[in-house]
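Heads up: the structure comes next, in structure tokens.
Just so you know, these numbers use all the heavy atoms, side chains as well, and skip hydrogens, waters and symmetry mates. Note that the coordinates shown come from a computational prediction; the quantities given were computed from them, not determined experimentally.
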Amino acid sequence: MLSNQIINWYLQNKRELPWRETKDPYQIWISEIMLQQTRVATAIDYFNRFIEQFPTISDLAKAKEQEVLKLWQGLGYYSRARNLHATAKIIQSQYNGIFPDSYEEILKLKGIGSYTAAAIASFAFNLPHAAVDGNVYRVLSRIYGIDKAIDSTEGKKYFQSIASETMGNARPEIFNQAIIEFGALQCIPRNPKCDICPLFANCFAYNNAQVDQLPIKSKQIKTKNRYFYYLFLSCKSQFLIEKREKKDIWENLFQYPLIEYNKPIPTDELLQTLEWKELFGNKNMLIHSVSGNVLHKLSHQNLHTTFIHIEMDIKKLKKNTDYKIINYSEIPNYPFPKLIEDHLNMIVKNNT
DNA sequence: CATTCGTGGCA
DNA sequence: TTGCCAAGAAT
């Protein structure tokens, strides 16, 4: 039986991971959110720091969102952290601080979709729901030779039913862990280890030379270009930051004052723009330096970034704005996108 | 249904 | 190098 083969493989090959040492639904929840679109190797350190700082739902519910985002800094997809925090507060107030123990209730929580609900329901409560993630799509598509697109509504529904059938009467907790781990270590995206695979004899893709063609994805990602001009306004060891509050990338993270264009603009033209004049008027200032083009690539965007370092009396800028003046020593209190964090690290390094 | 949301690793 | 992709979810 396929489920037994996968489970046997798992029992002999599984990794020791911090979230596998607990049955606490809170910790399992945190790990599953972190692991969304994120590699295990990256998530481990973030997980340990997170649990250390927020050991329980109550601790997380009492925290400030800014603290949570700071712990999340560098992980990406920051809505995960915002939803995590919001959900902790809801569990605290509406569920008496107790993590819900049914699939349907878990699925209602912010930031939890069908995969994560099934993962938590099975790992923490051993409920029979097949957790279908990218690994499972890959494993099932290859074994059964399924050519339905994994990013179509029809395909998702079909794979969900196949996964449930494959799980059968196996223990949900073990089976879900096993098939995910099998996909992560053995049936990997590129150059899967078919030569040492215990399932190759019954694998459709292997026996029909389709391993490299499965799974099928229908959509293609397209990226757009944005042009960021960040103004690093400093005075001795102080500088200006602002909070990003629009529905865009990096919501509720901090950055320097930003002038954005949809096409590149020469620095001398930038000095003539309305934004620039509104910001500086006739104030006394010195352009300390202008960086070269820094390319920051996101999944759907290329950010062509220029950092303009200006030295001036920044206290004179503060009126009528949401800008905040902070000292280098306060950097650990504010969550920054990696693009900004990297620049700050360079600045601090050059001034100490 | 298509798009958007980060960052890092790998060939 | 450049593109793909990783324990997906929300809109």
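Checking B/dC1, B/dC5, B/dG6 against the side-chain heavy atoms of A/Gln301 singles out B/dC5 as nearest. Of the candidates B/dC5, C/dG8, C/dA6, C/dA6 carries the atom nearest the A/Arg138 side chain, counting heavy atoms from C-beta on. With C/dA9, B/dG6, B/dT4 as the choices, the nucleotide that has an atom nearest any side-chain atom of A/Ile249 turns out to be B/dG6. Comparing B/dT7, C/dA6, C/dA7 by their closest approach to the side chain of A/Lys217 singles out C/dA6. Minimum atom distance to the side chain of A/Ser299 is reached by B/dC5, of the listed B/dC5, C/dA7, C/dG3. In this structure, of B/dT3, B/dG8, C/dA9, it is B/dT3 that holds the atom nearest to the side chain of A/Lys222.
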Enumerate all atom pairs, one protein N or O and one N or O from nucleotides 9-11 of chain B, separated by less than 3.5 Å.
none

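Within the nucleic acid shown, A/Thr116 comes within 4.0 Å of sugar-phosphate atoms alone, with no base atom in reach, counting heavy atoms only. A/Trp19 comes within contact range of at least one nucleobase, with a heavy-atom separation under 4.0 Å. Among the atoms of the strands shown, base atoms are found under 4.0 Å from some heavy atom of A/Leu17. Nucleic acid contact class of A/Ile33 (heavy atoms, under 4.0 Å, all strands): none. Contact annotation for A/Lys110: backbone-only contact, meaning every heavy-atom pair under 4.0 Å involves sugar-phosphate atoms and none involves a base. Contact annotation for A/Gly183: no contact, since no heavy-atom pair falls under 4.0 Å across all strands.
Salt bridge present: A/Lys148 and A/Glu154 bring a charged side-chain N and a carboxylate O closer than 4.0 Å. One finds a salt bridge joining A/Glu181 and A/Arg15 here, because a Lys/Arg side-chain nitrogen approaches an Asp/Glu carboxylate oxygen to under 4.0 Å. A salt bridge does not link A/Glu67 to A/Lys64: none of the charged side-chain nitrogens sits closer than 4.0 Å to a carboxylate oxygen.
The phosphate of B/dT7 (OP1 or OP2) has no side-chain N or O of A/Trp72 nearer than 4.0 angstrom. A sub-4.0 Å separation between OP1 or OP2 of B/dC1 and a side-chain N or O of A/Thr153 is present.
Atom P of nucleotide C/dA6 and atom CZ of A/Arg15 are separated by 13 Å, given to the nearest angstrom.
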Step by step, work out the ring pair (Phe, Tyr, Trp, His ring centres under 6.0 Å) result for A/Phe232 and A/Phe307.
CA-CA 7 Å; A/Phe232 182 70; A/Phe307 291 95; 8.5 Å; no
Walk me through whether A/Phe159 and A/Tyr137 qualify under ring pair (Phe, Tyr, Trp, His ring centres under 6.0 Å).
CA-CA 7 Å; A/Phe159 275 95; A/Tyr137 283 125; 5.2 Å; yes
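Shortest non-hydrogen contact noted between A/Ser234 and A/His309 is OG-NE2, 3.0 Å.
Taking atom P on both nucleotides, C/dA9 is separated from B/dG8 by 22 Å, rounded to a whole Å.
Nearest-nucleotide positions on DNA chain B place A/Glu154 closer to the 5' end than the other of A/Lys224 and A/Glu154. Mapping A/Gln220 and A/Gln37 onto DNA chain B via the closest heavy atom, the residue that lands nearer the 5' end is A/Gln220.
A cation-pi geometry, defined here as NZ or CZ lying under 6.0 Å from the six-membered ring centre and within 45° of its normal, holds between A/Arg49 and A/Tyr46.
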